[in-house]
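These values consider heavy atoms only, across backbone and side chains, with no hydrogens, waters or symmetry-generated copies.
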Amino acid sequence: CAVAPMIYGAIPVFADVELETGCLDPESISKCITSRTKAIIVIHQFGIPADMTRIMAIAKKHRLKVVEDCAQAHGAKFKDKFVGTIGDIGVFSLNVNKTIQTGEGAVCVTSDPDLRYRLALIRNHGEAVVGPAKYENITNIAGFNYRLTEIQAAMAKEQLKKLNGLNKKRLELVEKLTQGLSGIDFLVTPQGRQGCHATYYVYPLRFLQQSAGITRADFVTAINKEGILFYQGYTRPLYLQPVYQKKHLFKHGYPFSAPENRGCLMKYDQGTCPNAEELHFKQMIINEHVRYPHNSVDVIDIIKAVRKVLE
């Protein structure tokens, strides 16, 4: 999602996240906005809806477009609205790891007829721009082959019918795991966002080392030796990856080096997003056993393993 703007010559600026959810922090977004800002890409992290009321208010104030990355949030709701239907475009992944999947692929949704047409053009090499289409606004219609095959589309339609059932089962496991791990003073179980419906792509725990008396690494190693797979951190803060550290994607450092991008806020130093770094390097523990085909017996095994390590 962060590389996407650079394909069209734009520069990504990173806002921080909320410690409690991992979703974009509206206050941090506001601090990042300049006269050059054009859009906000908001990720509904872990299937927890971001604070769309405040984010949309920021977008309206500064006349910004909003793209919702809903790759991990199929069926999630912010208040009474499905994620992906609040901003200008919603993007849902159908990758093999997602809640519903076709092996690979994605779906974009929008209520804007022009954006819908532009998305269709970009999906198909921009071919329909020429000749009979008589479509004049060809800026950024350099297209690619993003065409979903008929077989994948058919799979997606059938998978969509299963979404509510898969989410229901997942949330039952999430609730059972949260109940089983509650009361452990150094583990913060996920609570989602009040008044919203989260779907939990993974189960994100926060480990408070000061209360635990041992390191996160030692705790995770002990749990994993019990046959329960936990991961430390999640994704390394993107701005610490080489493309941003070297400010080089295409030849001659484009788009970072482009004259029109001089003066853009390109802050990619460690410490840029303290909460994101705190979660990845110190607090976050990820568990994926709430996904199908795991069941309540598996969740009980997780709880027993954690209790054993505690003892």
Side-chain angles (χ1 to χ4, degrees), residues 1-5 10-73 76-79 81-91 187-208 232-241 244 264-286:
C1 55
V3 171
I11 298 294
V13 175
F14 293 93
D16 206 354
V17 299
E18 302 165 331
L19 270 177
E20 298 78 13
T21 65
C23 293
L24 274 180
D25 181 354
E27 287 189 19
S28 182
I29 294 173
S30 293
K31 293 175 183 177
C32 293
I33 293 173
T34 71
S35 60
R36 306 178 67 101
T37 308
K38 300 297 182 186
I40 300 171
I41 300 177
V42 52
I43 294 86
H44 299 294
Q45 194 68 50
F46 312 127
I48 301 171
D51 188 344
M52 293 305 292
T53 296
R54 294 173 66 192
I55 291 173
M56 293 304 294
I58 293 168
K60 183 178 180 180
K61 177 181 177 180
H62 297 279
R63 302 179 67 183
L64 305 176
K65 297 291 185 183
V66 176
V67 178
E68 296 179 70
D69 182 341
C70 311
Q72 301 183 357
K77 282 186 174 182
F78 178 78
K79 298 183 178 178
K81 292 185 177 180
F82 284 107
V83 298
T85 67
I86 304 165
D88 295 277
I89 299 173
V91 186
L187 290 180
V188 181
T189 55
Q191 302 301 318
R193 187 179 304 282
Q194 189 172 3
C196 299
H197 178 71
T199 52
Y200 293 105
Y201 174 67
V202 294
Y203 189 84
L205 279 165
R206 290 169 56 206
F207 179 87
L208 307 181
Q232 294 186 71
Y234 186 61
T235 299
R236 183 180 175 86
L238 298 182
Y239 53 86
L240 297 178
Q241 294 183 357
Y244 306 104
C264 286
L265 186 64
M266 299 186 201
K267 187 180 177 185
Y268 303 138
D269 303 324
Q270 190 143 356
T272 295
C273 296
N275 286 349
E277 293 178 23
E278 175 73 14
L279 287 174
H280 177 71
F281 293 112
K282 295 181 180 180
Q283 291 193 14
M284 188 64 71
I285 299 176
I286 295 295

* Measure the spacing between NZ of Lys77 and OG1 of Thr85 and express it to the nearest 0.5 Å. => 9.5 Å
* Asked: When you measure from the side chain of Asp16 to the backbone N and O of Ala276, does any donor-acceptor pair fall under 3.5 Å?
  -> yes
* Side-chain contact, heavy-atom cut-off 4.5 Å: Lys38 with Lys65? -> no
* To do: Carefully, step by step, assess Leu205 and Thr189 under the rule side-chain contact (heavy atoms from CB on, under 4.5 Å).
  => CA-CA 5 Å; Leu205 279 165; Thr189 55; 3.9 Å; yes
* More than 12 heavy atoms of other groups within 6.0 Å of Phe82 CZ -> no
* To do: Please check if the side chain of Arg193 supplies one atom and the backbone of Pro49 the other of a donor-acceptor pair under 3.5 Å.
  => yes
* **Minimum heavy-atom distance between Ala59 and Val66, given as atom pair plus value** => CB-CG2, 3.4 Å
* Check whether any side-chain heavy atom of Ile286 lies under 4.5 Å from a side-chain heavy atom of Tyr203, and answer yes or no. => no
* Asked: Do Phe78 and Glu68 have side-chain heavy atoms sitting under 4.5 Å apart?
  -> no
* Structure fact -> Rounded to the nearest 0.5 Å, the CD1 atom of Ile48 sits from the CG atom of Asp51 at a distance of 13.0 Å
* Is there a donor-acceptor pair under 3.5 Å between the side chain of Asn275 and the backbone N or O of Glu18? -> no
* How about Tyr268 and Pro12: do any of their side-chain heavy atoms sit closer than 4.5 Å? -> yes
* To do: Check Gly192 against Thr21 and note the closest heavy-atom contact, atom names and distance.
  => O-CG2, 3.9 Å
* Which heavy-atom pair separates Cys32 from Thr37 by the least distance, and what is that distance? -> O-OG1, 4.0 Å
* Using the side-chain contact (heavy atoms from CB on, under 4.5 Å) rule, take His280 and Thr235 through it: C-alpha gap first, then chi angles, then the decisive distance, then the call. => CA-CA 7 Å; His280 177 71; Thr235 299; 5.8 Å; no
* **Non-hydrogen side-chain atoms of Ile40 and His62 separated by less than 4.5 Å** => no
* Which pair of non-hydrogen atoms, one from Pro26 and one from Ile55, has the smallest distance, and what is that distance? -> CG-CG1, 4.2 Å
* Asked: Is any side-chain heavy atom of Gln45 less than 4.5 Å from a side-chain heavy atom of Pro204?
  -> no
* With side-chain contact (heavy atoms from CB on, under 4.5 Å) as the test, would you mind laying out the steps for Lys79 and Thr53 before giving the verdict? => CA-CA 9 Å; Lys79 298 183 178 178; Thr53 296; 3.4 Å; yes
* Asked: In Å and rounded to the nearest 0.5 Å, what is the CD1 to NZ distance from Ile86 to Lys81?
  -> 6.5 Å
* To do: Locate the shortest heavy-atom distance separating Tyr244 from Leu238; write the atom from each residue and the value.
  => CD1-O, 2.9 Å
* Chi angles and distances behind the side-chain contact (heavy atoms from CB on, under 4.5 Å) call for Val13, Thr34 -> CA-CA 10 Å; Val13 175; Thr34 71; over 6 Å; no
* Atom CG of Leu19 and atom CD of Gln283: how far apart are they, to the nearest 0.5 Å? -> 5.5 Å
* **Test salt bridge (Lys or Arg N to Asp or Glu O under 4.0 Å) applied to Arg54 and Glu27, step by step** => CA-CA 9 Å; Arg54 294 173 66 192; Glu27 287 189 19; 3.8 Å; yes
* Asked: Distance from Phe14 atom CZ to Ile41 atom CD1, nearest 0.5 Å?
  -> 9.0 Å
* Could you give the distance from CG (Leu24) to CD1 (Ile29), rounded to the nearest 0.5 Å? -> 4.5 Å
* Structure fact -> For His44 and Ala73 the tightest heavy-atom approach is CB-CB, 3.8 Å
* To do: Would you mind reporting whether Tyr239 and Cys273 have side-chain heavy atoms less than 4.5 Å apart?
  => yes
* Any side-chain heavy atom of Pro190 within less than 4.5 Å of one from Tyr200? -> yes
